[in-house]
2 protein chains.
Amino acid sequence: MPRTGMMAIRKDALVNATISEIGRAGTLDVTMGQIAKSAGVSSALAHHYFGSKDDLLLAAMRRVLTQFGAETQVLLGKADTPRARLSAIVAASFGPQNFRDEVVSAWLNFYVMAQTQPQAARLLRVYQGRLKSNLTHALRPLCPDPTQVAATAAALIDGLYIHALSGPGAPDADAAIATVEAYLDGVTQ
Amino acid sequence: MPRTGMMAIRKDALVNATISEIGRAGTLDVTMGQIAKSAGVSSALAHHYFGSKDDLLLAAMRRVLTQFGAETQVLLGKADTPRARLSAIVAASFGPQNFRDEVVSAWLNFYVMAQTQPQAARLLRVYQGRLKSNLTHALRPLCPDPTQVAATAAALIDGLYIHALSGPGAPDADAAIATVEAYLDGVTQ
DNA sequence: TCGTTTGTTGATTGACCAGTCAATTAAAAT
DNA sequence: ATTTTAATTGACTGGTCAATCAACAAACGA
């Protein structure tokens with residue numbers, strides 16, 4: 001069975017399985033065995049390619065972050081006014097790629113992980129810095145206090161994310177987008 | 001050493017130790033041994049009084065929730081205008097009793113726990129329901145869409161909570177209060 | 001005084017899991 | 001054709017941890 005060039009394929013499958021299993025279990029303490037099984041390989045192979053569970057978890061986090069960044073850039077590229085830039089960032093945050101149950105669950109757990117894992121904390125800061133910087137930049141021509149508004153909007157987005165996990169009655173993507181847009185409409189002229 | 005009437009004292013100490021250890025470790029996977037040690041008893045005693053780790057975790061969650069509810073009621077009692085009611089809710093959310101590192105950390109982990117533990121999920125809904133209801137009630141005379149504004153404010157508060165954990169540069173209580181107050185000022189007449 | 005209740009723990013058990021390793025297979029390279 | 005390299009796994013290990021239990025100590029009640 002050993003076909004060469006499997007490394008990329010297996011790494012990819014394992015990262016996907018990690019995100020999916022975290023979403024399914026809703027918690028970070030999924031086992032390497034579960035993840036490996038979900039990826040269709042042995043747990044030994046997961047260790048072989050990633051070294052440790054933490055490394056695999058970080059790789060999954062990076063994947064989520066990268067996907068989010070890419071989506072944001074795509075939507076930002078289509079926006080030509082500052083206000084449209086804001087909407088692009090919001091749309092990326094709650095887009096179907098990023099605002100899935102598994103991904104949101106992964107986010108929540110990454111927050112927990114970041115409390116003890118320095119590398120996870122660093123990754124989280126990278127995301128928060130980028131989001132805030134994007135927001136601030138778009139807000140600069142639109143309101144007198146872009147920094148404060150950007151911080152508020154960022155917190156609001158994160159709050160809506162975790163609220164989305166609290167079962168039914170939780171905001172769907174459209175409702176979340178409408179909420180953030182309404183806030184932004186209120187503070188921009 | 002066996003003095004009678006220890007049950008209440010031990011339970012209290014164990015619940016306190018649980019919150020404190022979750023805060024110290026930043027994660028839910030603290031061991032019964034750690035908690036018991038921090039409370040000055042054996043892990044067997046922790047099991048004796050609480051039956052299981054989950055029960056102890058839930059008791060700790062209830063304690064946090066109760067404390068928050070009590071603080072809210074105290075501050076609401078002192079407020080005599082709708083606008084003052086809003087400020088009271090915000091002040092309770094970020095008051096020194098509730099907005100401590102350990103408590104915020106416990107909150108974050110309770111969110112994770114609520115993904116799998118039905119009782120934790122139920123408790124979380126209780127809190128969210130009360131907060132939203134309090135906010136909506138205070139907002140009714142102040143703005144045309146109290147439900148939507150309450151949902152936004154609730155999400156904003158939770159977002160600021162988890163942002164408070166992301167190390168230095170994170171908002172302190174005063175900044176968080178100012179942020180929410182600024183939002184509320186913007187949407188109330 | 002003596003049995004009963006309450007408080008308490010050390011030792012143990014049973015399960016689980018991250019990580020390691022030696023062994024196996026098949027493709028690639030020489 | 002033979003050596004090397006990549007892919008893959010089953011079996012194992014060392015450690016951890018929740019939960020149990022039997023036993024002991026002190027207060028209390030009769």
Side-chain angles (χ1 to χ4, degrees), chain A residues 1-22 24-61 106 109-110 112-113 116-120, chain B residues 1-22 24-61 106 109-110 112-113 116-120:
Chain A
M1 277 186 187
R3 210 67 56 102
T4 55
M6 285 288 105
M7 187 167 79
I9 294 169
R10 300 263 110 117
K11 278 193 174 184
D12 188 74
L14 281 165
V15 165
N16 281 343
T18 304
I19 297 170
S20 144
E21 285 298 303
I22 289 176
R24 225 173 47 84
T27 174
L28 216 51
D29 63 35
V30 291
T31 69
M32 289 295 267
Q34 286 173 283
I35 295 171
K37 186 174 180 182
S38 162
V41 297
S42 72
S43 78
L45 197 69
H47 278 101
H48 176 65
Y49 281 128
F50 285 94
S52 76
K53 185 179 172 182
D54 267 17
D55 284 336
L56 178 50
L57 254 23
L58 279 171
M61 196 169 176
N109 283 283
F110 288 158
V112 173
M113 196 177 166
T116 52
Q117 259 284 336
Q119 289 189 262
Chain B
M1 274 184 191
R3 211 68 56 101
T4 54
M6 286 285 104
M7 187 167 80
I9 294 169
R10 294 304 189 205
K11 279 194 173 182
D12 188 75
L14 281 165
V15 165
N16 282 343
T18 303
I19 298 170
S20 145
E21 285 299 301
I22 290 175
R24 225 173 48 83
T27 175
L28 217 51
D29 65 33
V30 291
T31 70
M32 290 295 266
Q34 286 172 284
I35 294 170
K37 186 174 179 182
S38 161
V41 297
S42 73
S43 79
L45 197 69
H47 277 100
H48 175 65
Y49 280 128
F50 285 93
S52 76
K53 185 179 172 181
D54 267 17
D55 284 335
L56 179 49
L57 254 25
L58 280 171
M61 194 168 176
N109 284 283
F110 288 157
V112 172
M113 197 177 164
T116 52
Q117 260 284 335
Q119 291 191 259

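Residue numbers start from 1 in every chain, and the chains themselves are labelled A, B, ... in the order their sequence lines are given, proteins ahead of strands. Just so it is clear, the model here is predicted, and its values are computed rather than measured.
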Query raised in the report: Passes side chain to side chain contact (heavy atoms under 4.5 Å, CB included), A:His48 versus A:Leu45? Steps please.
Result: CA-CA 5 Å; A:His48 176 65; A:Leu45 197 69; 4.2 Å; yes

Requested in this report: Mind listing the residues from residues 31-48 of chain B sitting with a heavy atom below 4.0 Å of DNA chain D? Number order is fine.
Outcome: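 Here the set is B:Thr31, B:Met32, B:Ala44, B:His47.
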
Taking side-chain contact (heavy atoms from CB on, under 4.5 Å) as the test, write out the residues that go with [X], two or more places apart.
X       : result
A:Thr31 : A:Gln34
A:Ala25 : A:Thr27, A:Val30
A:Asp12 : A:Asn16, A:Arg63

What is the distance from [atom1] of [X] to [atom2] of [N], rounded to the nearest Å?
X       : N      : atom1 : atom2 : answer
B:Asp29 : C:dC16 : CG    : P     : 17 Å
B:Leu28 : D:dC17 : CG    : P     : 14 Å
A:Leu57 : C:dA18 : CG    : P     : 10 Å
B:Ile9  : C:dG7  : CD1   : P     : 10 Å
A:Met7  : D:dT8  : CE    : P     : 11 Å

Requested in this report: Enumerate the residues from residues 10-22 of chain A whose closest heavy atom to DNA chain C is under 4.0 Å, giving them by residue number; use none for an empty result.
Outcome: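 Those residues: none at all.
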
**Report entry** OP1 or OP2 of D:dA6 under 4.0 Å from side-chain N/O of A:Tyr49
**Finding:**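 For A:Tyr49, the contact criterion (side-chain N or O under 4.0 Å from OP1 or OP2 of D:dA6) is not met.
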
**Report entry** Side-chain N or O of A:Thr4 closer than 4.0 Å to phosphate OP1/OP2 of C:dA28
**Finding:**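 Answer is yes, contact under 4.0 Å.
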
Query - salt bridge (Lys or Arg N to Asp or Glu O under 4.0 Å) contacts touching residues 49-59 of chain A (sequence neighbours left out) - result: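 Listed once each, the pairs would be none.
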
Query - Option among B:Val15, B:Ile22, B:Ile19 that satisfies the side chain to side chain contact (heavy atoms under 4.5 Å, CB included) test with B:Leu57 - result: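 Answer after filtering B:Val15, B:Ile22, B:Ile19: B:Ile22.
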
Report task. Start with the C-alpha distance between B:Leu14 and B:Val41, add both sets of side-chain angles, then the distance that settles side chain to side chain contact (heavy atoms under 4.5 Å, CB included), and finish with yes or no. Result -> CA-CA 9 Å; B:Leu14 281 165; B:Val41 297; 4.0 Å; yes

Requested in this report: Might you point out which heavy atoms bring B:Tyr49 and B:Lys11 nearest each other, and give the distance in Å?
Outcome: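 Minimum heavy-atom contact is O-CE, 3.7 Å.
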
